[in-house]
Amino acid sequence: MNEIIKNIEAAQLKETVPSFNVGDTVRVSAKIKEGNRERIQVFEGTVIKRQNGGARETFTVRKNSNGIGVEKTWPLHSPAVVDVQVVRRGKVRRAKLYYLRDRVGKAAKVKELVK
């Protein structure tokens, strides 16, 4: 890759990146801008995918809200993502959990990783 692009992307990386994996239940605090006000909104759900790497890395979180599945994707190094807290660790055997989209109720849960 071009050295100029590498330098620009390296400058945009966050110093501290939270440690979480696919299958974990996370609480994402994101900045929401409404008119001239800014507030922090929390979105809690299961991480179903992480992709790319470096400054372009994104992650997708899925939750059930009133019986409807909601997915949101955030850039990991975005200034809009204030904090990512791990609520519980998940025990999964694959990198993308797209099969959770078809599951309902208890079948849509991920087992907890016990250490």
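One-based numbering along the sequence shown.
Looking at every heavy atom in both residues, Gly54 comes nearest to Leu13 through C-CD2, 3.6 Å. Residue Asn21 comes nearest to Val47 through the heavy atom pair O-CB, 3.7 Å, listed as atom of the first residue, atom of the second, then distance.
Scanning for side chain to side chain donor-acceptor pair (under 3.5 Å) contacts around Gln41 gives an empty result, with sequence neighbours left out. Residues meeting the salt bridge (charged side-chain N to carboxylate O under 4.0 Å, His left out) test with Arg39, sequence neighbours left out: Glu34. For Val86, the side chain to side chain contact (heavy atoms under 4.5 Å, CB included) criterion is met by Phe20, Asp24, Val26, Arg89, not counting sequence neighbours. For Arg103, there are no salt bridge (charged side-chain N to carboxylate O under 4.0 Å, His left out) partners two or more places apart in sequence or in a different chain. In this view, Asp83 and Gln85 satisfy the side chain to side chain donor-acceptor pair (under 3.5 Å) rule, not counting sequence neighbours. The side chain to side chain donor-acceptor pair (under 3.5 Å) test applied to Arg88 returns no partner, not counting sequence neighbours. Not counting sequence neighbours, Glu112 has no partner by the side chain to side chain donor-acceptor pair (under 3.5 Å) test.
A salt bridge does not link Glu44 to Lys63: none of the charged nitrogens lies less than 4.0 Å from a carboxylate oxygen.
With a 4.5 Å cut-off on side-chain heavy atoms, Val110 and Leu100 count as touching. By the 4.5 Å heavy-atom criterion applied to side chains, Val28 and Phe59 are counted as neighbours.
Counting non-hydrogen atoms of other residues, nucleotides and ligands closer than 6.0 Å to NZ of Lys109 gives a total of 12 or fewer.
Members clustered with Val82: Ile40, by chain and number, using a 4.5 Å side-chain heavy-atom cutoff among hydrophobic residues. Under a 4.5 Å side-chain heavy-atom criterion applied to ILVMFWY residues, the cluster that includes Ile4 comprises Ile8 as well.
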Begin from the C-alpha positions of Arg50 and Leu76 and carry the test side-chain contact (heavy atoms from CB on, under 4.5 Å) through to its verdict.
-> CA-CA 9 Å; Arg50 277 183 80 162; Leu76 186 62; 3.5 Å; yes

Determine, step by step, whether Leu97 and Val92 satisfy the side-chain contact (heavy atoms from CB on, under 4.5 Å) criterion, reporting the C-alpha distance in whole Å, the side-chain angles of both residues, the deciding distance to 0.1 Å, and the verdict.
-> CA-CA 9 Å; Leu97 303 181; Val92 293; 3.9 Å; yes

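The ring-ring contact (aromatic ring centres under 6.0 Å, His included) analysis of residues 82-111, with sequence neighbours excluded, yields no pairs. The salt bridge (Lys or Arg N to Asp or Glu O under 4.0 Å) pairs that include a residue from residues 13-23 number zero, where partners must be two or more places apart or lie in different chains. Applying the side-chain hydrogen bond (donor to acceptor under 3.5 Å, both in side chains) test to residues at least two apart or on different chains, the pairs with a partner in residues 69-81 are Thr60-Thr73, Arg62-Glu71, Glu71-Arg101.
Residue Val70 is grouped with residue Val84 when hydrophobic side chains (ILVMFWY) are merged at heavy-atom distances under 4.5 angstrom, including chains of intermediate members. Note on Val17 and Val61: same hydrophobic cluster, where clusters join Ile, Leu, Val, Met, Phe, Trp and Tyr whose side-chain heavy atoms are under 4.5 Å apart, directly or indirectly.
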